[in-house]
Amino acid sequence: MTVLRPPVPAWGTAAPTPPAGSRLGRVVRVDRGLLTVATAEGRARLPLDPRLRDDAAPAVGDWVTVAVAAERVTEVLPRRSALTRTVAGRTSAAQVLAANLDTVLVVDTLVAHARVRRIERFLAMAWGSGATPLLVLTKADLCDDVPAAVARVAEDAVGVPVLALSAVTGDGLAELRARLAPGSTCAVVGPSGAGKSTLLNALAGGARATTHEIRADGRGRHTTTAAELHVLPGGALLVDTPGLRELELADDEGLDAAFADVAELLTGCRFRDCGHGGEPGCALAAALADGRLDPARYRAWRRLRAEAERTRQRRADRGAARRGGAGQRR
Ligand SMILES: Nc1nc2c(ncn2[C@@H]2O[C@H](COP(=O)(O)OP(=O)(O)OP(=O)(O)O)[C@@H](O)[C@H]2O)c(=O)[nH]1
Ligand SMILES: [Zn+2]
């Protein structure tokens with residue numbers, strides 16, 4: 001096997017035991033058709049065993065087994081957690097963006113957003129992945145009253161730690177680094193312009209290669225599709241996943257966690273199948289009426305729930321079509 005670079009020094013706190021007779025590796029980069037895998041011997045660019053192609057493709061962060069003699073990845077080991085998005089289009093297949101994450105950094109700015117509304121879906125996505133979300137609020141240098149802004153957001157981000165920082169002054173960066181344990185794996189998600197790239201660069205130091213390239217034909221910038229796992233100076237591992245723009249919830253797994261307050265209220269509805277649309281004894285209606293539930297938060301919950309339901313329905317339809325014997329795979 002061709003050793004390209006020294007191996008990833010920190011193996012992750014939960015490295016599985018390699019199956020007998022094979023070598024264990026972690027996927028650190030995915031390019032079209034080729035995986036860069038770090039093993040104890042070093043990094044290698046390897047193809048996937050053709051027999052595996054019909055299965056879910058490995059993602060950055062996946063633990064895999066490598067057949068040394070054949071120089072190929074033979075097996076993707078079960079994932080502890082996975083950050084997924086639904087691929088746009090008719091099929092709504094879930095694409096794994098990053099596997100085996102411990103922490104998902106949900107990034108937004110402290111400027112001009114008093115509430116957590118626009119990142120609720122990212123929090124839900126983080127909870128749904130099985131990892132623990134950490135809310136990072138950037139551009140503290142542009143915010144007049146950081147503690148007040150943090151307090152407002154923290155109120156809606158139930159159960160999620162909130163950290164404020166500035167990539168310009170460096171304030172708060174040390175606190176964030178201290179939360180990323182050596183050997184743990186994290187990823188960064190958040191809306192456009194939130195400061196994700198800037199934060200990644202600040203965390204990774206020189207370790208991160210640019211993901212923006214100038215197109216040879218002069219038609220402007222494009223973002224490479226490669227996702228990559230970087231080793232941060234402190235020993236934590238960071239998944240760099242470009243293209244998280246068109247986020248859609250793949251399921252409602254994360255919703256109850258992101259909206260724990262709403263989920264709690266729901267248990268009080270008189271009817272178990274309450275549609276919360278004016279039925280008698282609806283606990284949500286009562287909470288809205290007496291101000292315990294913020295109407296905007298309620299609307300956000302309904303929107304995300306409907307989105308998850310549409311995705312679920314499309315998946316079910318697709319599954320039914322496949323079982324119907326059309327014989328079209330993938
Ligand atoms: N003042 C200040 N500006 C910042 C900070 N962090 C990022 N910025 C600026 O905010 C703008 C957006 O930052 P990016 O890092 O490109 O944001 P992004 O989330 O990666 O955006 P997309 O690539 O569109 O997803 C840039 O002009 C940054 O220089 C900060 O802490 N303070
Ligand atoms: Zn109800």
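Residue numbers start at 1 and run along the sequence shown. Both ligands and their constituent atoms are indexed starting at 1 by order of listing.
- There is a side-chain donor-acceptor pair under 3.5 Å between D141 and S166.
- Remark: ligand 1 and T138 share no N or O pair separated by less than 3.5 Å (distance only, no angle test).
- Below 3.5 Å of separation, one finds an N or O of G195 facing an N or O of ligand 1.
- Counting only heavy atoms from C-beta outward, the side chains of V150 and L137 approach each other to under 4.5 Å.
- Every atom of ligand 1 with a heavy atom of T198 under 4.0 Å away is listed here by number and element: 6 (N), 7 (C), 13 (O), 14 (P), 15 (O), 28 (C).
- The pair R270-E279 does not meet the salt-bridge criterion, since no charged nitrogen lies less than 4.0 angstrom from a carboxylate oxygen.
- Between L35 and V64, the closest side-chain pair of non-hydrogen atoms is not below 4.5 Å.
- Atom numbering of ligand 1 starts at 1 in the shown order; those under 4.0 Å from a heavy atom of S197 are 15 (O), 18 (P), 20 (O), 23 (O).
- For ligand 1, the atoms lying closer than 4.0 Å to a non-hydrogen atom of L142 are 1 (N).
- Note on H276: its N/O/S atom closest to the Zn ion (ligand 2) is ND1.
- A salt bridge (Lys or Arg N to Asp or Glu O under 4.0 Å) with D62 is found for exactly one of R26, R80, R29, R79, namely R79.
- Close approach of ligand 1 to S166 is summarised as follows: ligand atoms under 4.0 Å from at least one heavy atom of the residue are 31 (O).
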